[in-house]
Novice: 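Got a structure here, written out as structure tokens. Questions coming.
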Amino acid sequence: IIKMPTANCPECSEEVFVDAESEQGDRVTCDECGSSLEIVGLDPMELDVMTDPEHDQAPERDDFDTYDYDDRHY
């Protein structure tokens, strides 16, 4: 009998089963809370919440150097 590796979900602490062939950087989903998780450690098995790269970045602003007033009078 092959025992499947497990780790606790960092979001809800539920046990998450990981494929025995998984490698660091692979992604899994917590069946309990639905969080997308990344395998960050193999011995012991450790998971971290996946972050959305677009969500982490500050919004781009085309008007960064523009003002809503006429600054020639100041």
Side-chain angles (χ1 to χ4, degrees):
I1 297 175
I2 298 174
K3 184 179 177 191
M4 301 245 334
T6 62
N8 289 339
C9 174
E11 287 290 305
C12 70
S13 301
E14 189 66 27
E15 189 173 48
V16 177
F17 292 92
V18 180
D19 188 314
E21 302 297 316
S22 295
E23 297 179 359
Q24 193 165 344
D26 287 353
R27 297 177 176 138
V28 295
T29 302
C30 176
D31 292 332
E32 184 67 27
C33 70
S35 293
S36 294
L37 307 170
E38 179 180 7
I39 299 172
V40 295
L42 296 174
D43 190 17
M45 185 64 67
E46 184 179 353
L47 302 173
D48 197 7
V49 177
M50 289 288 300
T51 55
D52 182 0
E54 290 185 19
H55 190 68
D56 288 346
Q57 295 177 355
E60 292 184 25
R61 294 186 54 187
D62 294 331
D63 62 342
F64 185 75
D65 291 324
T66 61
Y67 301 97
D68 290 336
Y69 61 90
D70 184 358
D71 62 352
R72 291 177 289 185
H73 295 103
Y74 295 98

Novice: Taking all non-hydrogen atoms of both residues, which atom of Glu38 and which atom of Gly25 are closest, and how far apart?
Specialist: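 Minimum heavy-atom separation between Glu38 and Gly25: OE2-CA, 3.6 Å.
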
Novice: For Glu11, check side chain to side chain contact (heavy atoms under 4.5 Å, CB included) against everything at least two apart and list the hits.
Specialist: Cys9, Cys33, Ser35, Val49

Novice: When you group the ILVMFWY residues by side-chain heavy-atom contacts below 4.5 Å and let the links chain together, are Met4 and Leu42 in the same group?
Specialist: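 No; tracing contacts between hydrophobic side chains, which count when under 4.5 Å, never links both residues.
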
Novice: Rounded to the nearest 0.5 Å, what's the gap from CG on Leu37 to CG on Asp48? Could you check?
Specialist: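 If I round to the nearest 0.5 Å, the distance is 8.0 Å.
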
Novice: Assess whether atom CG of Asp31 is packed by more than 12 heavy atoms of other residues, nucleotides or ligands within 6.0 Å.
Specialist: no

Novice: Under the side-chain hydrogen bond (donor to acceptor under 3.5 Å, both in side chains) rule, collect the residues that match up with Ser13, sequence neighbours excluded.
Specialist: none

Novice: Run the side chain to side chain contact (heavy atoms under 4.5 Å, CB included) test against Ser22 and tell me which residues pass, sequence neighbours left out.
Specialist: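 With sequence neighbours excluded, Ser22 shows a side chain to side chain contact (heavy atoms under 4.5 Å, CB included) to Val18, Asp19, Asp26, Ile39, given in chain and number order.
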
Novice: Looking at residues at least two apart in the chain, or sitting in another chain, which of them share a side chain to side chain contact (heavy atoms under 4.5 Å, CB included) with Glu46?
Specialist: Val40

Novice: For Glu14, which residues count as a side-chain hydrogen bond (donor to acceptor under 3.5 Å, both in side chains) partner, sequence neighbours excluded?
Specialist: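 With sequence neighbours excluded, Glu14 shows a side-chain hydrogen bond (donor to acceptor under 3.5 Å, both in side chains) to no residue whatsoever.
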
Novice: Nearest 0.5 angstrom please: Thr29 OG1 to Met50 CE, how far?
Specialist: 9.5 Å

